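Take a look at the structure below.
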Amino acid sequence: MSDYTLNIEGMTCASCVARVEKALQKVEGVQRVSVNLATEKAKIHGEGSLSAETLIQAVEKAGYTGSEYRENAPAAPVKDTQGRSVAIAALLTLPLVLPMALTPFGLHAMLPAWVQLLVTIPVQFVLGWHFYTGALAALRARSGNMDLLVALGTSAAFGLSLYLLLTAKAGQSPHLYFEASASVITLIMLGKWLESRAKRQTSSAIRALQKLRPDTANVLKDGKLKTIPISEVSVGDTVQVRAGERIPVDGIVLDGQSQVDESLITGEGLPVDKQVGNPVTAGAINSDGVLLIETKAIGAETTLSRIIRLVEDAQAEKAPIQRVVDQVSAIFVPVVVGVALITLVGWLVVSGNVEQSIINAVAVLVIACPCALGLATPTAIMVGTGVAARHGILIKDSEALELAHNINSLVFDKTGTLTVGHPKLTKTVCAPGHDETSVLKVAASLQQGSEHSLAKAVLEQAKAMHIEAQAAQHTRTLTGKGIQGEVEGRAFWLGNTRLMNEMNVNMDAMKAEAEDLQKSGFTVSWLAQASGENKQQAEVIALFAFGDDIKPGAKQALAALKSLGIQLTLLTGDNRGSADRVARELGIDHVIAEVLPQDKADEVKALRKQGRTVGMVGDGINDAPALAAADVGLAMSTGTDVAMQAAGITLMRGDPALVPQSIDISRRTYRKIRQNLFWALIYNLIGIPLAAFGLLNPVVAGAAMAFSSVSVVSNALLLRRWRPGQESKS
């Protein structure tokens, strides 16, 4: 399997997107192609001997320029040659338009006909030449695009004017339309220039993230501090970061303590305390103090690079609604050309006026705008995903963004998602003949190296009591139930009630106390030891009770979700008492407790079968199947990489408040998409008939076309004002 991303230059509208996609899909080995007009990039997924060179050749054969996109390549400086061309075109067009504007005031300053021709030629055939090259490329590919409409329309106006000029009788002043062709080209160039400037703003979030990458790092080698390019830093190197500097690598603090500003990475507004043993992220700012950091990840493997990759992937992918738009766009230009021909013939039949017939057909050609349709969805997605990333919400793909707006049921994991995720061992109950030190020693020995939150709580308690764990043999994790293994030659099982029942362990001696603890909201684990001659039986030797605090802000976050009309469900592998306590405190109505990881996915699927759009919020490996089974998975980045890979949305902080914020930005983005598509469609549905019936001058039609796509991009840019927890205008 191979994936490529190409930069595509020369696309002007949605029809161009369809042509590039068609050209790339013909390349042998290509399985999936997604071309984005707003980002001007193509994502290609294929297999076999596929190469970037082959793909670029296909793009160039279709009439466009392609180059391979490289993630860590420095951004090329933007040269505004387009703006210079617009200025020259405007200066040449002004003498043609100004006399028309003065005529209603009784001022007649029309240029001589031959001067009008000489002024129009450079606008039409020099500055507007790219419309002709684009149109020819489209014709060679047996398709149409915006360039074809502009070239046909302006050439018709220019040709009619030239014909009238050459056939005019001596002393006669024919009515010419040179100002129409020059004005249309100038206005469309102006619109494209404004559009490109606005499109650059839609990718401002990506550029802001890319600027966080330092170019150099201060590396400690052989006792000496050397400043070297970031590309030469290796995993394991010790990097020094002084106050005010950006951290160049992902790593662990070896020495020093400081406050680190991670706001542009996690969206966290306040600096975070960092000391020995704490992880740090490339791109964050070291506020004060000097830190020595052991490098754990560099380049494309850093958290920052992965964030950029996620946002770029989301912006490049097509939303499901865009595929419908693409189908419309594929037939748009041929239909418009057909309407223009019908307009020409119809006016000839009705009025017999060739001049008027051609001008009305020209108006049809230049008012039709496939650009607005092509830009409506991707620009909104670019701005929405960008502003979300700046506030700690990473949306993996546009499909997740589109689905999230429709979520009406949210399923929450408990531990680490709604609770702090750092349970404490609050009580240890021992069977006769056993004491707390001995049972903790066994439990800690079994769970050495485990990442499970309950295991960490046991290890912390053992450390606090200065109990040294022993090496355990033959340990085996029993997913969703516990662990088994041997310590000092004796076999043990440590886990939940389900495991004890499967082992037929008699729990009667401690059952009443366990039930009381569970009803009080504690999570209970049992420690059983093999007994009998063949060690086929087991007896309980200890009972551990764990408590976990609810995260600050969780109650307000869930209240906000309920106010949005979203049904909340708590889904956990913990016992019923612990789940009920959290649900009561947070106002969750539906609770499903004591569920195995594989069954979590089934519970999510059951909700979906009820016709609900389900979002799953979790953070652990055991949540991954449920995250994948949901319509939209939302993973806390404080959890595991497996959970984040399975989810469509990653929350960069373990803050439940990010969940309603994710729904909010999704709804606002989708609202922008619908607004943009509505205006793009209404514009064409109203504008084309008006032009066909002779109610629009070609210059007015050209201006309307030029600014329709600008208005779509500008509307999408309003999303940049979104702030979590604040009302923003839509």
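No hydrogens, no waters, no symmetry mates; every other heavy atom, side chains included, goes into these values. Values in this document were obtained by computation on a predicted structure and should not be read as measured data.
- In terms of heavy atoms, Arg723 sits closest to His391 at CD-NE2, 3.8 Å.
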Evaluation steps, side chain to side chain contact (heavy atoms under 4.5 Å, CB included), between Leu634 and Leu658: CA-CA 10 Å; Leu634 297 95; Leu658 290 178; over 6 Å; no
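- Judged by distance alone, with hydrogens and angles left aside, the side-chain atoms of Arg246 form no donor-acceptor pair with the main-chain N or O of Pro214 at under 3.5 Å.
- We find the CG-CE distance between Leu375 and Met382 to be 10.0 Å, quoted to the nearest 0.5 Å.
- The closest donor-acceptor contact from the side chain of Arg668 to the backbone of Trp722 lies at 3.5 Å or more, if one exists at all.
- Between Val235 and Lys296 the shortest side-chain heavy-atom distance does not fall below 4.5 Å.
- Counting heavy atoms from C-beta on, the side chains of Leu344 and Ile358 come closer than 4.5 Å.
- For the residue pair Ala137 and Gly63, the shortest heavy atom distance occurs at CB-CA, 3.9 Å.
- The aromatic rings of Phe125 and Phe158 sit perpendicular, their planes meeting at an angle over 60°, well past the 30° parallel limit.
- Relative to the six-membered ring of Tyr4, Lys43 misses at least one condition, a distance below 6.0 Å or an angle of at most 45° to the axis.
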Steps toward side chain to side chain contact (heavy atoms under 4.5 Å, CB included) verdict (Thr216, Ile230): CA-CA 5 Å; Thr216 60; Ile230 194 69; over 6 Å; no
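- Of all heavy-atom pairs spanning Tyr64 and Gly10, the tightest one is CE2-O, 3.4 Å.
- Considering only heavy atoms from C-beta on, Val123 stays 4.5 Å or farther from Leu96 through its side chain.
- Between Phe131 and Ile185 the shortest side-chain heavy-atom distance falls below 4.5 Å.
- Residues Glu40 and Asn7 have side chains that never bring a donor and an acceptor to within less than 3.5 angstrom of each other.
- The heavy-atom pair separating Leu719 from Ala380 by the smallest distance is CD1-O, 3.7 Å.
- Between the side chains of Tyr132 and Gln124, at least one donor-acceptor pair of N or O atoms lies under 3.5 Å.
- Between atom OH of residue Tyr670 and atom CD1 of residue Ile381 there is a gap of 10.0 Å, rounded to the nearest 0.5 Å.
- With rounding to the nearest 0.5 angstrom, the OG atom of Ser161 is 9.0 Å from the CG atom of Leu117.
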Side chain to side chain contact (heavy atoms under 4.5 Å, CB included) between Ile88 and Leu91, intermediate numbers included: CA-CA 5 Å; Ile88 295 169; Leu91 286 171; 5.6 Å; no
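- The backbone N or O of Leu152 sits nowhere less than 3.5 Å from a side-chain atom of Ser155 that would complete a donor-acceptor pair.
- With a 4.5 Å cut-off on side-chain heavy atoms, Leu92 and Pro122 count as touching.
- Of the possible donor and acceptor atoms, none in the side chain of Asn406 sits under 3.5 Å from a partner among the backbone N and O of Glu402.
- Side-chain atoms of Asp250 never come within 3.5 Å of backbone atoms of Thr302 as a donor-acceptor pair (strictly under, hydrogens ignored).
- Atom CD of Glu301 is surrounded by 12 or fewer heavy atoms from other residues, nucleotides or ligands within 6.0 Å.
- Asp147 contributes atom CG, which lies 6.0 Å from atom SG of Cys16 (distance to the nearest 0.5 angstrom).
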Worked check of side chain to side chain contact (heavy atoms under 4.5 Å, CB included) between Asn676 and Thr377: CA-CA 7 Å; Asn676 283 349; Thr377 301; over 6 Å; no
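- A donor-acceptor pair under 3.5 Å links the side-chain atoms of Ser666 to the main chain of His405, judged by distance alone.
- Looking at Ser305, its side chain does come within 3.5 Å of a backbone N or O of Gly299 through a donor-acceptor pair.
- Across all non-hydrogen atoms, the minimal contact from Val59 to Thr65 is CG1-C, 4.0 Å.
- A donor-acceptor contact closer than 3.5 angstrom links the side chains of Ser51 and Thr54.
- Remark: the backbone N or O of Asp237 is not paired with any side-chain donor or acceptor of Ser234 at under 3.5 angstrom.
- Minimum heavy-atom separation, Thr379 to Val712: OG1-CG1, 4.3 Å.
- Distance CD/Glu28 to CD/Glu47: 10.0 Å, rounded to 0.5 Å.
- The line from CZ of Arg140 to CZ of Arg19 is 10.0 Å long, rounded to the nearest 0.5 Å.
- Looking only at side-chain heavy atoms (C-beta outward), Val336 and Ile688 come within less than 4.5 Å of each other.
- Shown are Val699, Val86, Val366, Thr93; of these, the side-chain contact (heavy atoms from CB on, under 4.5 Å) with Leu187 is made only by Val699.
- Within the 4.5 Å cutoff, the side chain of Arg32 has no heavy atoms near those of the Ile44 side chain.
- By the 4.5 Å heavy-atom criterion applied to side chains, Lys672 and Leu718 are counted as neighbours.
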